[in-house]
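What follows is one structure encoded as structure tokens, with my remarks underneath.
A, B, ... follow the sequence lines: proteins, then strands. Residue 1 opens every chain. What you see is a predicted model; the values in this text were computed from it and never measured.
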Number of protein chains: 4
Amino acid sequence: MKKREVEASVKDERLVIKRRDQMIKGAVTLFKQKGFHRTTTREIARAAGFSIGTLYEYIRKKEDILYLVVDRMYDQIRERLQKDLDTNQGTVEALKLSIAYYFREMADMQDEVLVMYQEAKSLGKDALPYVLNKEIQMVGMFENVIGNCVKNGELDLTEQEVKLIAHNIFVQGQMWAFRRWALQKAYSLEEYIELQLDLLFHGMKEGKVKLGTGGEG
Amino acid sequence: MKKREVEASVKDERLVIKRRDQMIKGAVTLFKQKGFHRTTTREIARAAGFSIGTLYEYIRKKEDILYLVVDRMYDQIRERLQKDLDTNQGTVEALKLSIAYYFREMADMQDEVLVMYQEAKSLGKDALPYVLNKEIQMVGMFENVIGNCVKNGELDLTEQEVKLIAHNIFVQGQMWAFRRWALQKAYSLEEYIELQLDLLFHGMKEGKVKLGTGGEG
Amino acid sequence: MKKREVEASVKDERLVIKRRDQMIKGAVTLFKQKGFHRTTTREIARAAGFSIGTLYEYIRKKEDILYLVVDRMYDQIRERLQKDLDTNQGTVEALKLSIAYYFREMADMQDEVLVMYQEAKSLGKDALPYVLNKEIQMVGMFENVIGNCVKNGELDLTEQEVKLIAHNIFVQGQMWAFRRWALQKAYSLEEYIELQLDLLFHGMKEGKVKLGTGGEG
Amino acid sequence: MKKREVEASVKDERLVIKRRDQMIKGAVTLFKQKGFHRTTTREIARAAGFSIGTLYEYIRKKEDILYLVVDRMYDQIRERLQKDLDTNQGTVEALKLSIAYYFREMADMQDEVLVMYQEAKSLGKDALPYVLNKEIQMVGMFENVIGNCVKNGELDLTEQEVKLIAHNIFVQGQMWAFRRWALQKAYSLEEYIELQLDLLFHGMKEGKVKLGTGGEG
DNA sequence: CATGAATGAGTGTTCATTCAT
DNA sequence: TATGAATGAACACTCATTCAT
């Protein structure tokens, strides 16, 4: 899927990138505070440090800004994650480290995650599939590393299981942000990571009482 | 936390309930399609089958509609879940059934879940804590059943683990709705339920290769 | 000019009068507080002690209520004034007493005066002339008494002067109400009356310096 | 009391003044015809020659327009009056000229006076005191000139009398506008001025009959 | 390239008035 | 007669977007 280009009137590419950086920076802050819909283009322009007229030299519609924000965020996360995964592959130990790394990255970008999370559906019919595609890619990255562990024989999972685990990991990374109101009261980030990893790998631990009895035997 | 009452101008309680039912029904459909912000009060009125004037006889502000939708949904899910949990308690087997039941309920209310999920943050400062409280209650219900299994000795988990598992279950119930674009292509609902249950209880299964060996030691 | 009748659907005349009394009473209070435009028909109905439906059994349009209020007020003032003037006629002394009486009456009906004063222009093109006519009648009453004093030889004034004095008196009666924010801080009602009477009858008193010099001599 | 500034979104001060001039001009005409409440913001925008959007670039709320109108009017009258009073001070002759001048000014601004008079109470709790303060200042200007005549010995009046006379003059200036329906049928402006001045300075003239006799003594 | 004034469709909300019960 | 639910025209105000300078 090709990159969905947001058209700019300005030709100077350097400038386009610079201005969009300013824009995205300002927009994230505002979206975080008031959401996409309650944020006006004027506010974004002001936060970015230029006029409303200038803003529209670099985008076509308000929605473009949201797209730019979300797009940038995905790229950042994916880039970092890719770099990490490239160096750690194939072993369960490496997988654990990568998941932990991913959780920490997501915690680091909490605000952006929240924005993406809550406003993505505001993207129009054209931008949405592109964004979903990025998610699929990211989930795919986890599928790959887990899949490698399976190939190695370190894990024994079906393809279906691999896919779902990848989704679960992906969502649990977001959870820390979007359920912060509950989770961050109960756990530190490292506690959260440790617990989730444990659950991910071992599930709920059975007690001794029923050991050997009934169940799925 | 007391119920946050949405005031109506109309006195006839029966009528209020009836009209609000119509309202909620119409609103959910619209919110799902276009989100809360892009849906106009006029559209909601039309979808509900009455005029804009009548709509405002039953609410005070547009936000009230969102609150009504979310509130109703929570109540429904909680009520059904409570009823289920009341009859199935204490065993892992019952817990599994309850989780499956919960997943199915959430799948059944996909649209509402989606709306709640993406629009909840649009609720004002007064309604939001009330809604979050409802979530806490629902998560608490799962904490209880799992906790009972721990007391029985059927499960061996710390309080922290219990809490996080409850959150995970809760979120996985929502996942089916808000990640439908990916999950519902890959799994049937029953497959999804079975897989998630398996992962919840057993985690990733290790292969035989590395059995007995340490990490990178 | 015939009385402008406000049509009622209800036939029972006694009831019409009773309900309209309730209505006027409630309306005056509300108009005083928030003005005619900011007062809703529902509020008036509630203040009157019956439903909005019932309200409309006794009037045709909201404006009718304003008319009813203003009309009632004029009638009251005129009635009282007439009674007073009937018994005190022809002498300057009696005129002074009547003016003082009128001032006191207006002070007594301050709220109503204020309402009439500020909202009269909200009366439609049909009701307004009728109301203005009532004012003309009241001014005419003063013209008469003053005119009688002229006929008696107690006062020496042209018709034009008589008319203007009548207007001045009329307005000075209202002044106490509509300039209350300034006058009632500086004067007691009786002081106000005494001073105005003095000025009315003697004008500004010249000092001794210029006596006999230049000017209009 | 500081000037209550009405905020504009537009930065160009010259433009703000120009557009507000258009606005005020259009608004006065409309307010005169239909009153403040019955005039819509769109009508004002149209009358001013620009769009509703543009209107709101120069004000924040509809009420601001009323405030602008009233404020402008007070400033104009006071400015002119001040200029006049600065050059004519201390003598009864000058006082008469000033009063006549004031009456003519008010007649010149009839429409604005009418608007101010009938709609001032529609100003919110923040703007009203500011407007009343302007009235107090204007009344104060008359108090001063009259007071000077007293100091000169040209007039023999108490402070209380001076204050009340100032109020009377002020109101009589407005009267020509708000009782136009009666006064302007009976008098020319110059007749009105001459008569009022005469009454102000000499009051009602007693006839010869009773000369020398007391009241009811 | 940058600016910011101008635009007007669109939105939430109100409220006088009607009419079936 | 009395009620109050229903209606929808009307209103104040917002904001994305354009375009002349």
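Nucleic acid contact class of Arg19(D) (heavy atoms, under 4.0 Å, all strands): sugar-phosphate only. Nucleic acid contact class of Lys18(D) (heavy atoms, under 4.0 Å, all strands): none. Residue contacts for Ser9(D): at a heavy-atom cut-off of 4.0 Å it reaches the sugar-phosphate backbone alone, with no base atom in range.
If you measure from atom CD of Glu57(A) to atom C1' of dT21(F), you get 13 Å, rounded to the nearest angstrom. The nearest whole Å value for the distance from the NZ atom in Lys61(C) to the P atom in dC15(E) is 18 Å. Rounded to an integer number of Å, the gap from CZ of Phe50(C) to P of dT3(F) is 9 Å. One interatomic measurement links the two molecules: CD1 of Ile52(C) to C1' of dT18(E), which rounds to 11 Å at whole-angstrom precision. In this entry the distance linking CE of Met23(C) with P of dA2(F) reads 13 Å, nearest Å. Atom NE2 of His37(C) and atom C1' of dA16(E) are 12 Å apart (whole Å).
No more than 12 heavy-atom neighbours from other residues, nucleotides or ligands sit within 6.0 angstrom of NZ on Lys18(B). More than 12 heavy atoms of other shown residues, nucleotides or ligands fall within 6.0 angstrom of atom NZ in Lys134(C). Heavy atoms of other residues, nucleotides or ligands lying less than 6.0 angstrom from NZ of Lys25(D) number 12 at most.
Closest contact between the side chain of Thr54(B) and the listed nucleotides dT17(F), dA6(F), dA2(E) involves dA6(F). Listed candidates were dG8(F), dT3(E), dA5(E). Nearest to the side chain of Ser51(B) is dG8(F). Checking dG4(F), dC13(F), dT1(F) against the side-chain heavy atoms of Thr41(D) singles out dC13(F) as nearest. Distance from the side chain of Arg42(D) is smallest for dA12(F) among the nucleotides dA12(F), dT13(E), dT3(F). In the set dT1(F), dA5(E), dA16(F), dA5(E) carries the atom at the smallest distance from any side-chain atom of Leu15(D).
OP1 or OP2 of dC15(F) has not a single side-chain nitrogen or oxygen of Tyr56(D) nearer than 4.0 Å. Between Lys62(C) and the phosphate of dA16(E), there is a side-chain N or O to OP1/OP2 separation shorter than 4.0 Å.
Geometrically, Lys62(B) engages Phe36(B) in a cation-pi contact, judged by NZ or CZ lying under 6.0 Å from the ring centre and within 45° of the ring axis.
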Q.
Both atom distances under 3.5 Å, Watson-Crick or G-U wobble: I'd like the secondary structure of DNA chain F as a dot-bracket string, with | for pairs made across strands.
A. .||||||||||||||||||||
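At least one side-chain heavy atom of Arg20(C) sits under 4.5 Å from a side-chain heavy atom of Val6(C).
Toward the 5′ end of DNA chain F lies the nearest nucleotide of Lys11(B), the other residue of the pair Ile59(A) and Lys11(B) mapping further downstream. Closest-nucleotide positions on DNA chain E for Phe36(C) and Leu55(D) were compared, and the one nearer the 5' end corresponds to Leu55(D).
Using a 4.0 Å cut-off between charged nitrogen and carboxylate oxygen, Glu112(C) and Lys32(C) do not count as a salt-bridge pair.
On a pure distance criterion of 3.5 Å, no polar donor-acceptor pair joins the side chain of Arg46(C) and the base of dG4(F).
When only modelled atom types and interatomic distance are considered, Tyr74(C) and Tyr130(C) share no side-chain donor-acceptor pair under 3.5 Å.
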